[in-house]
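One structure is given here, and the rest of the page talks about it.
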Amino acid sequence: MPKYLDELNEPQKEAVLHKDGPIMIIAGAGSGKTKVLTTRITHLMSAHNIDAFNILALTFTNKAAAEMKERIERILGNSEARNLYVGTFHSVFARILRAEAGKIGYPNNFTIYDTDDAKSVVKTVVNEMSLDDKQYKPNTVYNRISAAKNALIGSAEYANDGILQQEDARANRPMLAQIYEAYARRCFKNGAMDFDDLLYKFYLLLKNHPEALSKYQRKFKYILIDEYQDTNPAQYEIIKLLGAMHENVCVVGDDAQSIYSFRGATIENILQFQKDYDDVKVVKLEQNYRSTQNILKVANEIISNNKGQIEKTLFTTNEEGEKIKLIRTMTDNDEGKMVADTIKENKLRNHFFNKDFAILYRTNAQSRSFEEALRRLGIAYRIYGGMSFYQRKEVKDFIAYLRLIVNTKDEEALKRIINYPARGIGKTSIDKAVLYANENNLTLWEVISNAALYGFRSGTLESIDGFVTSIKMFQSELNKKNAYDLAVIVGKSTGIVKELFNDKTTEGLARYENVQELLNSIKEFTETPLNEEDGEVGDKGLGAYLQQIVLLTDADNEDKENQDVVKLMTIHAAKGLEFPVIFVGGLEETLFPNAMSINTREELEEERRLFYVAITRAKQKLFLSFSNARYRFGQLQQNEPSRFIDEMPEQYLDRSYAGVAAKNNASTGWAAGSAYERMHRGFGRSAEPPVHSTTHTENKKSILSSIAARPQVKEHTPSENFVASDTSKLQQGQKVEHQKFGYGLVSKIDGSAHNPVATIVFDNNGEKKIMLNYAKLRIVE
DNA sequence: GATTATATGGTTTTT
DNA sequence: CCATATAATC
């Protein structure tokens with residue numbers, strides 16, 4: 001009996017030892033499902049001599065895939081694991097599609113469009129069809145198309161489906177089917193696939209090309225799928241096709257953690273699995289090794305409010321643990337402070353490290369208040385999600401050059417850079433070129449590379465020719481130079497790097513650094529040795545690099561794995577992770593559950609599962625916070641506490657929790673909160689007496705203002721020698737006198753050069769934004 | 001045609 | 001509040 005089996009409990013062992021035939025593992029939160037998956041693969045390889053080349057494991061994130069490979073490698077003690085096909089659905093399918101692209105009429109170097117690219121194509125198509133983009137919002141249209149693809153509905157079928165047509169007609173978007181068709185055609189013409197195409201086209205490849213199907217059926221003798229509850233119909237059908245020959249399909253999932261229905265995922269796949277395969281072995285992992293009893297009991301209570309669960313009860317032999325602590329504050333800023341203070345306190349008192357904490361929230365926008373509070377206390381943190389590195393403008397612009405070099409049909413890339421850096425090819429010229437291209441059924445590149453034929457003005461023509469020549473020059477280097485060297489040439493000869501370098505503003509500096517970072521990543525890619533089997537299409541080229549990076553997420557980018565930082569992320573992003581201490585923020589009606597998701601029972605239940613996922617991330621301590629009011633759309637909005645709070649039995653809750661912050665009355669009320677604000681604006685040391693609580697700002701209305709009158713201006717009598725100073729060189733930190741508001745400290749200067757706006761914190765009248773062109777200010781010091 | 005000021009409108013979650 | 005789209009101005 002191999003040693004690695006000793007570490008497993010009975011059901012886990014059962015799951016690992018089951019060799020052939022379909023198996024479904026229902027794995028509760030923290031029940032060791034990754035361990036089972038890795039051990040199972042290890043066991044297949046070492047005990048049954050299954051070749052790594054014949055095993056396919058699909059995960060939800062690249063990070064999970066890398067982790068899995070690493071663990072297997074560690075148990076096996078050799079490098080065989082690198083021959084496994086492990087990756088996300090999207091990355092594995094992209095890799096195969098790259099090899100088989102010719103069969104479906106695509107170039108091997110097809111571009112993968114991210115969501116932004118795809119929406120931009122939608123917009124282009126809608127405009128070209130002379131439709132109103134208010135009526136056909138790119139977002140809506142794209143989502144609709146995406147949903148169709150995830151359900152394996154092509155544009156023709158979409159157009160012929162009576163129900164879908166009715167739906168669209170009722171929603172005032174009768175032309176959606178036509179847009180879908182035009183969109184698909186345009187993507188094809190651009191040699192591009194969007195994220196959904198990676199599934200949909202792969203499905204079509206398998207379905208319409210029997211020789212390809214049988215090739216991969218023979219190859220993948222064993223298939224394992226992680227996070228099965230989050231697969232969509234397209235993924236389901238693909239697995240069904242791939243696994244049809246051997247039926248050695250192992251799926252692992254937890255219906256209670258299904259949180260991606262907006263992406264087309266359906267729990268139906270779990271139920272359907274047992275119908276589609278004969279003699280499915282079902283194993284349930286119900287022992288939780290992660291959390292305290294209290295946390296688990298609350299989690300079980302919460303999820304029991306959902307109907308139609310797969311029967312299972314999580315239990316643990318861990319200690320009882322502390323009660324779940326509720327933090328209630330007045331505003332979102334206070335919430336941030338309380339959480340940050342609590343982290344600080346716990347670090348001191350319980351010797352936690354920064355990396356032991358995670359702050360989770362429903363929406364990305366919530367990160368701001370936590371971020372500010374952590375920064376004030378000097379606690380290192382990192383935000384995951386939001387805009388990924390590769391979505392930043394400067395990075396995307398640079399990548400657009402590389403994309404165009406690899407695939408000149410990529411119209412999105414071409415339009416992005418044809419006039420970046422500015423070279424005098426404006427909107428009018430581009431529109432003209434696009435028109436010619438559409439009229440003559442040419443690609444945009446074909447038009448501009450023969451620009452002389454299309455009657456551009458001579459100056460414009462010269463610019464276009466210059467651009468085309470330089471791209472062609474880059475292309476000629478494509479096979480001589482590696483990706484990194486080529487990228488350096490691009491950066492240099494286009495002047496992009498220089499331009500960013502010369503921009504000495506803070507943002508400019510950051511942009512420059514980002515481009516440097518991009519070059520680093522290309523260099524790293526170039527220098528990383530080839531995987532043994534990756535030779536399929538010469539996978540070291542620029543094309544392979546580009547296809548890989550669009551599929552990377554922020555979490556994958558984590559180079560310094562064990563940084564001692566507090567992690568901030570959405571609950572979705574936290575799936576599969578665990579932390580000693582978890583904070584879940586914004587437990588308020590309209591936010592969590594989100595107002596968008598309370599219209600049907602299904603939606604609400606998914607929100608509840610999301611909450612379940614959030615609290616089951618915690619190992620030892622769990623804090624839940626909510627705020628009476630928070631800024632949304634720049635305005636203060638009052639919210640009720642979340643219904644999920646009421647669903648937790650009182651006996652497990654500690655409502656009286658008060659950390660350091662509350663004790664010194666800094667965060668429990670409006671007045672105290674503003675004192676805190678003032679302290680951290682540098683007023684703490686000033687000689688000013690503690691002033692009445694009026695840190696109201698012009699646009700940030702006091703939560704009291706709805707009850708009491710708006711803050712009164714405390715009259716100020718200008719000093720006798722009041723003469724308005726020249727404020728053109730006014731700087732942060734200077735003290736000024738305002739005729740009406742009195743003395744104050746300049747905390748910030750922004751606005752444009754012609755219309756500078758100073759943010760001034762007045763001693764008696766709080767923070768005001770003052771337009772320097774109009775205000776009369778006397779500079780005191 | 002480029003740069004800059006103003007309007008608008010949008011927030012759920014992500015490969 | 002934020003980012004992007006449009007208008008205005010040089």
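The sequence lines fix the lettering, A, B, ..., with proteins before strands; numbering per chain opens at 1.
Atom CD in A:E603 sits roughly 12 Å away from atom C1' in B:dT13 (whole-Å rounding). As a whole-Å value, the separation of A:F633 CZ from B:dT11 P is 8 Å. In this structure, the CG atom of A:D117 is 15 Å from the C1' atom of B:dT14, given to the nearest Å. With rounding to whole Å, A:Q635 atom CD is found 14 Å from C:dC2 atom C1'. Distance CD (A:Q229) to P (B:dT14): 16 Å, rounded to an integer number of Å. Distance, A:L591 CG to B:dT13 C1': 12 Å, rounded to whole Å. Atom CE in A:M596 sits roughly 8 Å away from atom P in B:dT11 (whole-Å rounding). For the pair A:K427 NZ and B:dG1 C1', the interatomic distance rounds to 12 Å; values are reported in whole Å.
Residue contacts shown for A:T88 are limited to sugar-phosphate atoms, with no base heavy atom under 4.0 Å away. Within 4.0 Å (heavy atoms only), A:F592 reaches no atom of the nucleic acid at all.
By the 4.5 Å heavy-atom criterion applied to side chains, A:Y361 and A:L568 are counted as neighbours.
Applying the 4.0 Å criterion to OP1 and OP2 of B:dT15, one finds that A:T61 has every side-chain N and O outside that range. Close to B:dT14, at under 4.0 Å from its OP1 or OP2, lies a side-chain N or O of A:N364. Using a 4.0 Å cut-off, some side-chain N or O of A:T570 falls inside it from OP1 or OP2 of B:dT14. Distances shorter than 4.0 Å separate none of the side-chain N or O atoms of A:T115 from OP1 or OP2 on B:dT15. In terms of phosphate contacts, A:K575 brings no side-chain nitrogen or oxygen within less than 4.0 Å of OP1 or OP2 of B:dT14. Not one side-chain nitrogen or oxygen of A:N139 sits closer than 4.0 Å to the OP1 or OP2 atom of B:dG9. Residue A:N419 places no side-chain N or O under 4.0 Å from the OP1 or OP2 atom of B:dG1.
Counted by atom type alone, A:Q135 and A:D132 present zero donor-acceptor pairs between their side chains at under 3.5 Å. Looking only at atom types and distance, the side chain of A:E606 has a donor-acceptor partner in the side chain of A:S261 under 3.5 Å away. No donor-acceptor contact under 3.5 angstrom links the side chains of A:Y113 and A:S120, judged on distance only. In this structure, a donor-acceptor pair under 3.5 Å is absent between the side chains of A:Y142 and A:D194. A:N333 and A:R630 are not linked by any side-chain donor-acceptor pair at a separation below 3.5 angstrom, with hydrogens and angles left out of the test.
Relative to the side chain of A:R457, the nucleotides C:dT4, B:dT13, B:dG1 differ in distance, and B:dG1 lies closest. Side-chain atoms of A:K123 lie closest to C:dA5 of the nucleotides B:dT12, C:dA5, B:dT14. Of the candidates B:dT14, C:dA5, C:dT4, the closest approach to any side-chain atom of A:A573 belongs to B:dT14. Taking every side-chain heavy atom of A:T428 into account, B:dG1 is the closest of B:dT12, B:dT14, B:dG1. Nearest to the side chain of A:K134, among B:dG9, B:dG1, B:dT13, sits B:dG9. The listed nucleotides are B:dT15, B:dT11, B:dT13; the one nearest the side chain of A:H90 is B:dT15. Comparing atom distances between the A:E607 side chain and each of B:dT15, B:dG1, B:dT12 picks out B:dT12 as nearest.
When the nearest nucleotides of DNA chain B are assigned to A:L551 and A:A365 by heavy-atom distance, the more 5′-ward of the two goes with A:A365.
Annotation: C:dT4 and B:dT13 have their P atoms spaced 16 Å apart (nearest Å).
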